[in-house]
Amino acid sequence: MALEVIILAAGKGTRMKSAKPKVLHELAGQSLVARVVETAQKLAPDNIHLVYGHGGEQIINAFKDQPVNPVEQVEQKGTGHAVAQVLPHIDSDNKVLILYGDVPLIETETLQRLIDKASSGFSLLTVGLPNPQGYGRIVRDTDNNVKAIVEHKDASEEQLMISEVNTGVMCVRGDFLKRWLPELSSDNSQGEYYLTDIVAMAESEEVCIQTEQPAETFEVEGINDRLQLSRLERIHQRKQAQYLMANGITLMDPARFDLRGTLNTGTDIVIDINTVIEGDVTLGSNVKIGPNCVIRNASIGDGVEILANSLIEESAVENDCIIGPYARLRPGTQLKSKAKVGNFVEIKKSTVGMGSKINHLSYIGDTSVGENANIGAGTITCNYDGVNKFQTEIGDGAFIGSNSSLIAPVKIGNNATTGAGSAINKDIPGENLGIARAKQRNIDTWQRPIKKP
Ligand code: UD1
Ligand code: MG
């Protein structure tokens, strides 16, 4: 039996107090609903149907390049009504897994267990909660078979004592949904078409409902407000930190480490506090990262040291480089092995050759720097004339004197030198000294100004 997935995401999320639909808010850098889609994709379903309503255009845009079938629920008349919108798209012979766009941390393994249990045609994910307030209660008969789900608002005193609750996640055969959903009524305290009422229909047809539980409760927790979002964010970050530590990474404080994406790692990496890793990042072995660094979509080679307060994005750093403190590598930066980039240095779309040093206060953009060059403090590549960008080439072994302005396009030859304070706008051949600054005069009759009376 093939699998189809329905993700319910039509609710507004009033309590988020946001112009953005709730399911597009982000947890660890990814929208809640994108997370659910990604988890669903790992189950290799034939189809993923996304029921949207509020903020429809934003949701459609977010998934326009993805294999997701958006289905509109114009009016939100309840979870049963939401699933019913997808019925025309569903194959009767398939198992249908129902997920929620605002329950972001559900695990693939839990869902796989639930799907495996749906051989009778119906399985339900339930969980025992110490405080079941607000949830639909699972009502069982004396043989422990599930008989019904009663919503909190419709439950009797006795039913309110039940601690086993409906997570909302279920797996049901397509033909059952097609038969039962049109039969739902909205005759209940909320005037909604409850998906949960199909449980009683299954019971009346003697379809046995199997139940399964998540490994951990947070998997089935939904998000309604920003406080709950922050709670699940912390749970998720703690899990990621624990995974990394179990794989040979030292986190100086796992509570002050954030990963918003994927991190591939070697071993014996030490990461100091307040590091944020975003997008796809690779860290080689023996990398050391100082406090307050941000690394986004970058690969960092073995033995690299990144000192405090550095920002690295869309860059490739080879082995044994030293970066920072306070360095900024912008997109398109490549540091070859053993390069050094020091404090208050910004590099953009440039390659820095093996062993070259840019140690202090520089802007290097659209530049290729050869091997073992030394770029003095305060060197600026003037790569932009206000309209166009131009390239600078700095050869192997070049020595750029402090406070040089290299006015692009310009080439500095191998082992060439620039005099400190030069504005260089002509190529310098290899081995030459290029100097372009006003000559010094000393005035021996000079009198210091004196304060006016
Ligand atoms: C639902 C269950 C309840 C369960 C609880 C778990 C029903 C009737 N009740 O209650 O048994 O314990 O989840 O959290 O199913 N949605 C739509 N369209 C709609 C209505 C809802 O897409 O017309 C989406 C919402 O965006 C939300 C989800 O379905 O993500 C759940 O809806 P909600 O009304 O919050 O259900 P609960 O009252 O929490
Ligand atoms: Mg409701």
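Remember, it's 1-based here, ligands and their atoms both numbered in the order they're listed. Here the structure is a predicted model, which is why all the values come from computation and not from measurement.
Not a single heavy atom of V165 sits closer than 4.0 Å to an atom of ligand 1. Using a non-hydrogen distance threshold of 4.0 Å, A9 registers as a contact of ligand 1. Using a non-hydrogen distance threshold of 4.0 Å, H81 does not register as a contact of ligand 1. The shortest heavy-atom distance from T167 to ligand 1 is under 4.0 Å. Ligand 1 is never approached by G222 to a heavy-atom distance shorter than 4.0 Å.
In Y135, the parts holding a heavy atom less than 4.0 Å from any atom of ligand 1 are both the side chain and the backbone.
In summary, the side chains of H54 and Q76 do present a donor paired with an acceptor at a separation below 3.5 Å, with no hydrogens or angles considered. A donor-acceptor contact closer than 3.5 angstrom is absent between the side chains of E107 and T110. Side chains of D302 and N286: a donor-acceptor N/O pair is absent below 3.5 angstrom, by distance only. A donor and an acceptor atom, one from each side chain of N61 and E57, are nowhere located under 3.5 Å apart.
Checked against a 3.5 angstrom limit, the closest N/O atoms of G168 and ligand 1 fall outside it. The shortest N or O to N or O distance between Q190 and ligand 1 is not under 3.5 Å. By the 3.5 Å distance cut-off applied to N or O atoms, Q73 is counted among the residues near ligand 1. Of the N or O atoms in G11, one or more lie within a sub-3.5 Å distance of an N or O in ligand 1. Geometrically, ligand 1 and A10 share a nitrogen or oxygen pair separated by less than 3.5 Å.
Of all the atoms in ligand 1, the ones that sit under 4.0 Å from a non-hydrogen atom of T196 are 7 (C), 8 (C), 9 (N), 11 (O), 15 (O). Per-residue contacts place G136 under 4.0 angstrom from the following atoms of ligand 1 (heavy atoms of the residue considered): 3 (C), 4 (C), 11 (O), 12 (O). Those atoms of ligand 1 with a heavy atom of T79 less than 4.0 angstrom away are 7 (C), 8 (C), 15 (O), 20 (C), 21 (C), 29 (O), 31 (C), 32 (O). Heavy-atom contacts of Y194 reach the following atoms of ligand 1: 8 (C) (cutoff under 4.0 Å). Listed by number with element, the atoms of ligand 1 under 4.0 Å from a non-hydrogen atom of K77 are 23 (O). Taking a cut-off of under 4.0 Å to the non-hydrogen atoms of D102, the atoms of ligand 1 that pass are 27 (C), 30 (O).
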Apply side chain to side chain donor-acceptor pair (under 3.5 Å) to the pair R140 and T126, showing each step before the final yes or no.
CA-CA 12 Å; R140 293 179 183 265; T126 72; 4.6 Å; no
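L114 and E212 make their closest contact through CD1-CB, 3.8 Å (heavy atoms, listed as atom of the first residue, atom of the second, distance).
A side chain to side chain contact (heavy atoms under 4.5 Å, CB included) with I7 is found for one member of V71, L99, L97 and no other, namely L99.
Looking at K389 and D366, no side-chain N of the basic residue comes within less than 4.0 Å of a carboxylate O on the acidic one, giving no salt bridge.
Here the side chains of I300 and I312 are in contact, with some heavy-atom distance below 4.5 Å. Residues M201 and V207 fail the side-chain proximity criterion, which asks for heavy atoms closer than 4.5 Å.
Between Y326 and F344, the angle of the ring planes stays under 30°, which puts this pair in the parallel group of the 30/60° scheme.
Closest heavy-atom approach to atom 4 (C) of ligand 1 within the set N166, L99, I6, I7: this belongs to N166.
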